[in-house]
Amino acid sequence: MTNVTLFGKFTIILFSSSNRPTNVRSWIKLSYSRRFCECSEKELPKRQPRLLHQKQFSHSSHFAPSFSTMSDLDTIGKIAAATQAVNENIKAGQIVGIGSGSTIVFAVKRIAERNKVENLNLICIPTSFQARQLIQENGLTLGSLETNPEIDVAIDGADEVDSDINLIKGGGGCLMQEKIIASCAKELFVIADTRKDSATLGTKWTRGVPIEVLPMAYRPVQLKIEQMFGGQANLRMASNKAGPVVTDNGNFLIDWIFEGVQDWHKVDSHLMNIPGVIETGLFLNMTKAAYFGSPDGKVIVRTK
Ligand SMILES: O=C(CO)[C@H](O)[C@H](O)COP(=O)(O)O
């Protein structure tokens, strides 16, 4: 069976040998060309490498896509990680926490794809306005913590993942609801491209630890963070609006750019003790496994 799926401007062709939904070990082909999705099965090559690279694409007269930019390659990694994590961890009848960001989009699309074939009967709990829209747009059942306070599995992106699968999250500003959902989930799975894979927090993600603060307290919180830990505590400013970024919860964000290696458990509890701090983007000891997708479509899974 061949599945043809469009992810925005990307076309993904998944080949599998049975009627079961494909997993990431299936052959993947990505193309810019929407023409691609109009191909009949017999036009498709009989056997393909696991993922066709740019060079290999250039041998294909029919598809002739160009995969050149870094972000295209990152997207391949995101899709591969999201697909494999969903295939391996989402089961029928579950309550599923849905994270936020760009990578989770591919996970939700894969869940929706499986749902059509398998009738999974899931209830999806969002971590943000974006996640709520994603759930609805993809025809999945929207729930809330009020109706489903216990979650079977949560899936989410991350800004950085260290060797102990501790995370920095909140680059997209949704850290507070993300952490609440993760804390209610029996298992949290993280999906990311390999750029997020890091030995120590702060190596790859250099924009600081996002911290959600009550608006009236942002200034003293900034000062206290800098006095306690050094570094720079910046108020996150909006790009398409005058003034600061306002979170889904009506709060502000401080991005604390830190220096050196930190004792993250200690830092996190000190940060949480500052009046006005609502939540931090440090997700410590919360993750069951991280899926890192690379530009060649391979996925590395890290568990503790
Ligand atoms: O924590 C987050 C939002 O608050 C995101 O999960 C994180 O920023 C990763 O996003 P992306 O998948 O776009 O790289």
Side-chain angles (χ1 to χ4, degrees), residues 7-8 10 69-86 96-111 124-135 153-162 165-183 185 188-198 201-213 236 238-239 244-257 264 268 278-284 286-295 299:
F7 281 149
F10 291 94
T69 68
M70 197 55 195
S71 75
D72 296 337
L73 297 174
D74 297 336
T75 301
I76 299 173
K78 289 179 187 190
I79 294 170
T83 304
Q84 186 165 326
V86 167
V96 182
I98 301 293
S100 308
S102 58
T103 316
I104 196 68
V105 172
F106 301 114
V108 173
K109 285 185 184 297
R110 181 64 191 136
I111 292 172
C124 297
I125 317 291
T127 58
S128 62
F129 181 88
Q130 179 219 3
R132 200 165 70 235
Q133 286 199 320
L134 261 181
I135 292 165
V153 55
I155 183 160
D156 204 345
D159 299 304
E160 192 171 22
V161 184
D162 78 7
I165 43 178
N166 292 318
L167 319 174
I168 292 180
K169 283 184 52 58
C174 310
L175 60 110
M176 184 173 153
Q177 293 186 39
E178 288 173 338
K179 201 184 265 190
I180 293 170
I181 296 297
S183 77
L188 169 66
F189 294 99
V190 165
I191 49 175
D193 60 82
T194 45
R195 291 172 308 158
K196 316 288 184 68
D197 184 2
S198 163
L201 296 183
T203 321
K204 300 272 181 80
W205 178 254
T206 53
R207 292 191 217 162
V209 177
I211 299 162
E212 186 152 348
V213 293
R236 193 183 297 183
S239 52
V245 168
V246 178
T247 68
D248 286 355
N249 319 301
N251 298 313
F252 290 171
L253 290 165
I254 287 173
D255 292 302
W256 171 48
I257 298 176
W264 289 115
D268 194 44
I278 296 169
E279 194 49 89
T280 79
L282 292 165
F283 285 50
L284 310 174
M286 296 187 92
T287 308
K288 173 104 191 265
Y291 288 71
F292 299 105
S294 60
V299 179

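One-based numbering, in listed order, for ligands and for the atoms of each. Keep in mind that this is a model prediction, so the values were computed, not measured.
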Heavy-atom contacts under 4.0 Å to ligand 1, chain-then-number order, include exactly Ser100, Gly101, Ser102, Thr103, Asp156, Gly157, Ala158, Asp159, Lys169, Gly170, Gly171, Gly172, Gly173, Cys174, Leu175, Glu178, Lys196
Check: Does the side chain of Met286 reach to within under 4.5 Å of the side chain of Lys179, using non-hydrogen atoms?
Finding: yes
Interatomic distance, CZ@Phe283 vs CG@Asn166, rounded to 0.5 Å, equals 11.5 Å
So CZ of Arg236 and CD of Glu212: to nearest 0.5 Å the spacing works out to 9.5 Å
* Asked: Looking only at side chains, do Asp248 and Ser128 share a donor and an acceptor under 3.5 Å apart?
  -> no
For Ala289, the side-chain contact (heavy atoms from CB on, under 4.5 Å) test, sequence neighbours excluded, returns Phe189, Tyr291, Val301, Thr303
- Task: Verify, without hydrogens or angle tests, whether Arg110 (side chain) and Ile79 (backbone) share a donor-acceptor contact under 3.5 angstrom.
- Result: no
